[in-house]
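Input: a single structure, listed below in C-alpha cells.
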Amino acid sequence: MQRYFLNENADTAQRFFITDSNDIHHIKSVMRQAVGDELIINFLDEQTYRCKIIAIEAQQITIETVERLELQTELPVKITICSGLIKGDKYEWLLQKATELGATSFITTQMDRSVVKLNQQKASKKVERWQKIVKEAAEQSYRQVIPQVKFVSNLQEIYDMIGQYDCVLMAYEAAAKENERAMFKQQLRQLNHGAQVLLLFGPEGGFSDDEIALFENVANSVGLGPRILRAETAPLYALSAISYEIELMG
C-alpha cells in the first residue's frame with residue numbers, strides 16, 4: 001500500500017487534506033486510486049495510519065484515518081550524514097540509498113578538495129531537488145519520517161554546531177590504510193537509544209590536513225574496513241554497519 005506524509009498530528013477517525021500537487025498526481029494518475037481506496041499516511045512523531053480516501057478534487061484529496069499502525073521502521077539512533085560536495089548524480093544516488101538505510105538528515109558542504117562548487121543561489125535549487133529525492137525514497141522504503149537536507153557553505157559552520165550531537169565520527173581514509181578496525185565498533189556500542197550522531201565524510205580526494213586538524217579534538221577518526229571506499233559509498237557502508245550492530249545484533 002502506497003505511503004505518503006502529512007506534517008500534522010493525527011488520531012483515529014479524523015479527516016485530513018492532501019494538498020501537495022505531486023502527491024495528488026501520484027494518487028490520481030499513477031496509482032489511479034478512487035474514493036473508498038486506502039493508503040498509508042505518516043504523520044508527525046512517527047505516527048502511521050491506514051487511511052481511506054473520502055473525496056478526490058483537483059486541488060486536494062480528503063482522507064480519513066481508519067487505524068493506527070504499530071510500526072517502527074526508524075533507526076534507534078539519529079544519524080546525520082555530513083559530506084563534502086561530490087558530483088551531482090553521485091550525491092543524488094547517495095541521498096536515495098542512505099534514506100533507504102535510515103539516515104535522519106543530510107548536510108552537504110564545500111570542502112577544500114571538493115571539485116563541485118556551489119553558490120547560495122544554485123544551492124537553494126539543488127536542495128529543493130535533493131529534498132524531493134529524499135521524500136520519494138522515504139515513501140518507497142516505508143520510512144516514518146522524511147530526512148531533511150541542507151547545504152552549508154563551509155566546514156567551519158559544521159564545527160560550530162558540533163554541540164548538537166552526542167557522538168561525532170570522522171571517516172578518515174588514513175585510518176583505513178593503517179588497518180584501524182576497532183574504533184567504529186567501540187563507538188557504536190556506546191550509543192544510547194535516541195542518540196544524535198554526526199558522521200563526517202570527505203569529498204572525492206578526502207579531507208585536507210586542515211580539515212582533519214579542525215575536528216581533531218571533537219571527533220573520533222574511524223576506519224571503515226581495510227578497503228578505501230568512494231565518497232558516495234562510505235556513508236552507505238557506515239549506515240549498514242550501524243543498522244547491523246544496533247538493530248540486528250541489539
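Electrostatic pairing of E139 and R3 does not count as a salt bridge here, judged by no charged N lying under 4.0 Å from a carboxylate O.
In this structure, Q59 places its CD atom where only 12 or fewer heavy-atom neighbours from other residues, nucleotides or ligands lie under 6.0 Å away. Annotation: K117, atom NZ; neighbour count of heavy atoms from other residues, nucleotides and ligands within 6.0 Å is above 12. With a 6.0 Å radius and a threshold of 12 heavy atoms from other residues, nucleotides or ligands, K90 has its NZ atom above the threshold. Under a cut-off of 6.0 angstrom, the local environment of CG in N7 is sparse, with at most 12 non-hydrogen atoms contributed by other residues, nucleotides or ligands.
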Go through V77 and D166 one step at a time and tell me if the side-chain contact (heavy atoms from CB on, under 4.5 Å) criterion holds. CA-CA 10 Å; V77 294; D166 302 302; over 6 Å; no
Working for side-chain contact (heavy atoms from CB on, under 4.5 Å), residues E100 and L239: CA-CA 10 Å; E100 294 175 20; L239 284 166; over 6 Å; no
Please report the C-alpha distance between L85 and Y91 in whole Å, then the side-chain angles of each, then the deciding distance to 0.1 Å, and finally whether the side-chain contact (heavy atoms from CB on, under 4.5 Å) criterion is met. CA-CA 8 Å; L85 280 169; Y91 190 63; over 6 Å; no
T65/I41 under side-chain contact (heavy atoms from CB on, under 4.5 Å): CA gap, chis, key distance, verdict: CA-CA 8 Å; T65 53; I41 301 291; over 6 Å; no
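To the nearest 0.5 Å, atoms CG (L214) and CG (D210) are separated by 9.0 Å. With rounding to the nearest 0.5 angstrom, the OG1 atom of T108 is 10.5 Å from the NZ atom of K126. With values rounded to the nearest 0.5 angstrom, E46 atom CD is found 7.5 Å from T73 atom OG1. For the atom pair CG of L155 and OG of S208, the computed distance is 8.0 Å after rounding to the nearest 0.5 Å. For the atom pair OG1 (T99) and CD1 (I133), the distance works out to 9.5 Å, reported to the nearest 0.5 Å. Note that CZ of R143 and OG1 of T104 are 6.0 Å apart. Values are rounded to the nearest 0.5 Å.
Partners of E128 by side-chain contact (heavy atoms from CB on, under 4.5 Å), not counting sequence neighbours: none found. Remark: R129 pairs with E92 by the salt bridge (charged side-chain N to carboxylate O under 4.0 Å, His left out) rule, at least two apart or across chains. Partners of E67 by salt bridge (charged side-chain N to carboxylate O under 4.0 Å, His left out), not counting sequence neighbours, listed by chain and number: R50. By the side-chain contact (heavy atoms from CB on, under 4.5 Å) test, D160 is found to be paired with Q156, residues two or more places apart in sequence or in another chain being considered. Judged as a salt bridge (charged side-chain N to carboxylate O under 4.0 Å, His left out), and not counting sequence neighbours, E204 has no contacts.
In this structure, the side chain of E245 does not engage the main chain of K185 through any donor-acceptor pair within 3.5 Å. Listed for the E8 side chain is no donor-acceptor partner under 3.5 Å among the backbone atoms of F43. D209 contributes no side-chain N or O that, together with a main-chain N or O of I212, makes up a donor-acceptor pair within less than 3.5 Å. The closest donor-acceptor contact from the side chain of Q110 to the backbone of V116 lies under 3.5 Å. Looking only at distances, a side-chain donor or acceptor of Q131 sits under 3.5 Å from a matching main-chain atom of P147. Checked by atom type and distance alone, the side chain of E211 pairs as donor or acceptor with a backbone atom of D112 at under 3.5 Å. The backbone N or O of L236 sits less than 3.5 Å from a side-chain atom of S240, completing a donor-acceptor pair.
Closest non-hydrogen pair, G202 versus A231, comes out as O-CB, 3.7 Å. Minimum interatomic distance between T109 and S153 (heavy atoms only, all atoms of both residues): OG1-C, 3.8 Å. Taking all atoms of both residues into account, the shortest heavy-atom contact from T12 to V66 is CG2-O, 3.3 Å. For L75 against G102, the heavy-atom pair with the smallest separation is CD1-O, 3.5 Å. Residue Q96 comes nearest to A137 through the heavy atom pair O-CB, 3.7 Å, listed as atom of the first residue, atom of the second, then distance. Annotation for Q60 and T62: closest pair NE2-OG1, 4.0 Å, computed over non-hydrogen atoms.
Taking the six-membered ring wherever Trp is involved, the centroid distance between the rings of F215 and F207 does not fall below 6.0 Å.
Transitive grouping of hydrophobic side chains (ILVMFWY, heavy atoms separated by less than 4.5 Å) brings M31 and V35 into a common cluster. In this structure, L44 is not a member of the same hydrophobic cluster as F5, with clusters built from ILVMFWY side-chain heavy atoms closer than 4.5 Å. Hydrophobic clustering, with ILVMFWY side chains joined whenever heavy atoms are under 4.5 angstrom apart, groups Y159 together with Y172. Note on Y142: it does not cluster hydrophobically with Y49, by side-chain heavy-atom contacts below 4.5 Å among ILVMFWY residues. Clustering ILVMFWY residues whenever any of their side-chain heavy atoms sit less than 4.5 angstrom apart, transitively, puts F17 in a cluster other than the one holding I27.
Side-chain contact between N42 and V145: absent, with no pair of heavy atoms (C-beta onward) separated by less than 4.5 Å. I61 has its side chain within reach of K28: a pair of non-hydrogen atoms, C-beta onward, lies under 4.5 Å apart. With contacts defined as side-chain heavy-atom distances shorter than 4.5 Å, the pair Q2/D37 does not qualify. The shortest side-chain heavy-atom distance between P76 and E247 falls under the 4.5 Å cut-off. Contact of the V134 side chain with the W130 side chain is not registered, since no non-hydrogen atoms from C-beta on lie closer than 4.5 Å. When side chains are defined from C-beta on, N220 does not count as touching F184, because their heavy atoms never get closer than 4.5 Å. Counting heavy atoms from C-beta on, the side chains of L198 and C82 come closer than 4.5 Å. Using a 4.5 Å heavy-atom threshold, the side chains of R68 and Q47 count as touching.
Screening I79, I146, I81, T80 for a side chain to side chain contact (heavy atoms under 4.5 Å, CB included) with S105, the sole residue that qualifies is T80. When each of L224, I242, L101 is checked for a side chain to side chain contact (heavy atoms under 4.5 Å, CB included) with Y237, only L224 meets the rule.
Ring geometry for Y4 versus H26: interplanar angle over 60°, hence perpendicular rather than tilted (30 to 60°).
Annotation for L71: hydrophobic cluster partners, listed by chain and number, are M1, I40, L69 (ILVMFWY side-chain heavy atoms under 4.5 Å, direct or chained).
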